[in-house]
Number of protein chains: 2
Amino acid sequence: MTTPAAPRAGRRPTISDVARAAGVSTAVVSYALNDRRGVSGATRERVLRVADELGWRPNPAARSMRAGAQAVGLAIVAGEALHGAPVLDVVASLQRALAPRGLSVDLRVVDDDVAAAELYTRWGAERRCEAVVVPNVRVDDRRLAAVAAAGLRAVVVGPPHITPELSAVEVDDADAYARVGRYLLDLGHTRVAAVTGPADWVRTAECEAGLRRALAAGGAELEAAATDGTAEGAAAAARRLLMAAAPPTALVLETDLMALAALDVARRTGLVLPWDLSVVAGADSVLCRLATPALSSLPALGAELGTALATAVLGALAAGPEDAPVRVPLQVAALAVRGSTAPHAR
Amino acid sequence: MTTPAAPRAGRRPTISDVARAAGVSTAVVSYALNDRRGVSGATRERVLRVADELGWRPNPAARSMRAGAQAVGLAIVAGEALHGAPVLDVVASLQRALAPRGLSVDLRVVDDDVAAAELYTRWGAERRCEAVVVPNVRVDDRRLAAVAAAGLRAVVVGPPHITPELSAVEVDDADAYARVGRYLLDLGHTRVAAVTGPADWVRTAECEAGLRRALAAGGAELEAAATDGTAEGAAAAARRLLMAAAPPTALVLETDLMALAALDVARRTGLVLPWDLSVVAGADSVLCRLATPALSSLPALGAELGTALATAVLGALAAGPEDAPVRVPLQVAALAVRGSTAPHAR
DNA sequence: ATGAAAGCGCTAACAC
DNA sequence: GTGTTAGCGCTTTCAT
């Protein structure tokens, strides 16, 4: 036996179907379903029950039509990490934190920052998302210009004072790298080199500055080599540094893969870790633990960055256009000391 | 000076705005914009020009309202690869191939296959996507049941004869692993072990079967150890295998990380590669090239899998409900031979 | 507390 | 070839 109020077969039930089945108007159903006041307890109860029985689910397209796209956009350049963290780790925790608010994450993999900027422009025009996340900020980043032009709310990821006019997750990489610097100083290293990612990334400069300041305070010097962030680039830089007249006794590399590449170079150069050379990775992973010797590493961000981003996004969406931007600080935890670092034998 | 037909400030132009500005009706604009016949060349031209001048962009929500969600869903379990390939590589090429058709990819990271099944059910009810991609199929996969119940079109990724009633990308892993088997036979190995991912994955069984058949044809035996697919799990399995009374002289591992873990175990066991032990990785990556010795590896799928998926998805969407499912074959390319494999010294 | 109805931006059936 | 119009499913005034 079929309830006369049931929707046509082969169609998902709509609010009208629920309203008909519950014997009320669509407005009441909408109110009840969205937990709004203006509905009696009994009616609300009944509506919810009927909606559940019918298997009603909101149609996101229809909802977006009025409420705006319930999504936040994230364009990631192919091959890049998300501020040093594995992209999917961050996305997972961001999705988890935004889901209860009915927000989804629109992740796109683009070729470069030019494509990302175009995408932001398009997203703005299409009203495809409420806000965008901008990671791996460059100096004079064209994406930030695009975001501003598109009138999108943005959450950037960067060091504490980045783009003060925008909401941001402020990651204290300078502090983390300063701690690495002090650790190496304590071990007696006086010639340290850093192999970083692209020179025009704000984060790169920040990490290098933190490390340099800490070393300088102890009378040690830092030689920095910017690369494209690939294993090959890091290997080339490491080779050049280690072949120099007065080679460094400690090497800091921004990622796990870069550190692994440096390990390989050191091995081929005949250097025995950690006695001839100490190596520190800026972002931990299984790789760092599997390497021989295991690599001393700064923890990589992951879930923490995702939740921090969610906080910033939700804050930015809640805030009016006149309100101050939301700034969410995020600390990098302690260096994991492993077998790749040792006191410098003078 | 403002055109009288310009939309109110602070609002994105709609089709009505374009129609007004071009002096035609919304239907004509819609037809022109969607490249449909029934509009004169001159009118079409003018409409397109005006739309461009106004900066009109389609509103995806409004479009989805009639046409259905222009998206394909992909739920990936946290930590899993996509049929051995890096998730974002596949997603990038899938997005690139679907974008011209106006389709986007809705990627979600879920905790496990139970959550994935729930998500598929929800997607079906919400009409959130046109089709879903189901990778890493398990034996009696609950996700396939959910997909069927939700009435979603699905594209699965698996071996050639998987779920014949659904569209699929058929990856010939058995053949690839058979080639590895023959290669090891040619090197004189007679005791080979395979360390695989979870035993209830269809692909796992397929890889193992391919390897086993090829080895058996040459009179060699295969010992297979299923693991959880992590580096730790692989290390434990490798340790157990290598400590046995008659240890294998060649080890095949499903992923780059697992192979790296095995390398580490071998090193600690005092085995010198490739003389005491040959190691093959089932999925290549920078890691395999950086390892010492570099690992002989089967290429990992990436962009090819993405384009194959796009072909299958588009085919499935184009096909009527009565049409035969779309099956897209995909071959794994040749083994890259590197320093981790050598003839077995009898 | 509840109902009627307008409308979000777009498409498509139908009329001219 | 072009215009009119009725929805798609939902939220939200505005009446009652």
Side-chain angles (χ1 to χ4, degrees), chain A residues 5 7-8 10-48 50-51 54-71 102 122-128 130, chain B residues 7-8 10-48 50-51 54-71 102 122 124-128 130:
Chain A
R8 285 202 317 276
R11 237 185 78 248
R12 304 293 325 174
T14 72
I15 275 209
S16 311
D17 296 318
V18 176
R20 208 169 312 124
V24 292
S25 75
T26 59
V28 172
V29 174
S30 178
Y31 284 145
L33 255 17
N34 291 296
D35 237 13
R36 266 190 180 54
R37 43 189 227 91
V39 195
S40 73
T43 310
R44 178 185 305 271
E45 199 85 351
R46 185 156 40 92
V47 166
L48 292 179
V50 169
L54 256 44
W56 177 87
R57 298 254 68 209
N59 179 319
R63 226 168 223 189
S64 303
M65 195 105 179
R66 298 198 65 87
Q70 303 297 305
R122 191 135 33 86
W123 273 343
E126 295 179 351
R127 291 255 173 283
R128 214 180 238 285
E130 299 294 297
Chain B
R8 286 203 315 278
R11 235 184 81 248
R12 303 293 325 177
T14 72
I15 275 208
S16 311
D17 297 318
V18 177
R20 208 170 310 126
V24 291
S25 76
T26 59
V28 172
V29 174
S30 179
Y31 285 145
L33 256 16
N34 292 297
D35 238 12
R36 266 189 182 53
R37 43 190 227 92
V39 195
S40 72
T43 309
R44 179 185 306 271
E45 199 86 350
R46 183 156 41 93
V47 166
L48 292 179
V50 170
L54 256 44
W56 177 88
R57 297 257 68 208
N59 178 320
R63 219 163 231 193
S64 303
M65 196 102 178
R66 298 198 63 87
Q70 303 298 307
R122 191 135 34 85
E126 295 179 350
R127 292 257 173 280
R128 214 180 238 285
E130 300 295 297

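Values reported hereafter were calculated over all heavy atoms of this structure, with side chains retained and with hydrogens, waters and symmetry mates removed. Chain A is the first sequence line, chain B the second, and so forth, proteins listed ahead of strands; every chain is numbered from 1.
In this view, Arg63(B) and Asn34(B) satisfy the side-chain hydrogen bond (donor to acceptor under 3.5 Å, both in side chains) rule, not counting sequence neighbours.
Put simply, the side chain of Arg12(B) gets close to the backbone of Gly55(B): a donor and an acceptor are under 3.5 Å apart. A donor-acceptor contact shorter than 3.5 Å links the side chain of Gln70(A) to the backbone of Gly68(A). A distance-only check finds a donor-acceptor pair linking the side chain of Glu130(A) to the backbone of Ala69(A) [under 3.5 Å]. Under a 3.5 Å cut-off, the side chain of Arg46(A) and the backbone N or O of Ala22(A) do form a donor-acceptor pair.
Arg63(A) comes within 4.0 angstrom of sugar-phosphate atoms only, judged by non-hydrogen atoms across all strands, and of no base. Across all strands shown, Ser16(A) has no heavy atoms under 4.0 Å from either base or sugar-phosphate atoms. Residue Arg44(A) is classed as having no contact, given no heavy-atom separation below 4.0 Å to the nucleic acid.
Atoms OG1 and CG, from Thr26(B) and Asp17(B) in turn, are 11.5 Å apart once rounded to the nearest 0.5 Å. Note that OG of Ser64(A) and CE of Met65(B) are 10.0 Å apart. Values are rounded to the nearest 0.5 Å.
Phosphate contact (OP1/OP2 of dG9(D), side-chain N/O of Thr14(A), threshold under 4.0 Å): absent.
Looking at residues 30-39 of chain A, you'll see Gly38(A), Val39(A) sit with a heavy atom under 4.0 Å from some atom of DNA chain C.
Ion pairing of Asp35(B) with Arg44(B) is present here, as a side-chain N (NZ or NE/NH1/NH2) and a carboxylate O approach within less than 4.0 Å.
Between Arg12(A) atom CZ and dC8(D) atom P there is a gap of 17 Å when expressed in whole angstrom units. In this structure, the CE atom of Met65(B) is 4 Å from the C1' atom of dG9(D), given to the nearest Å. Counting to the nearest Å, the P atom of dG3(D) and the CD1 atom of Ile15(B) are 13 Å from each other. Regarding Arg46(B), its CZ atom lies at a distance of 11 Å from the C1' atom of dT2(D), rounded to whole Å.
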(request) Check the pair Ile15(B), Leu33(B) against side chain to side chain contact (heavy atoms under 4.5 Å, CB included), reporting the backbone distance first and the verdict last. (result) CA-CA 9 Å; Ile15(B) 275 208; Leu33(B) 256 16; 4.3 Å; yes
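On the nucleic acid side, DNA chain C has its first and last nucleotide under 4.0 Å of a heavy atom of chain B at dG9(C) to dA13(C), going 5' to 3'.
Two residues, Thr43(B) and Arg66(B), neighbour DNA chain D, and the one matched to the more 5' nucleotide by heavy-atom proximity is Thr43(B).
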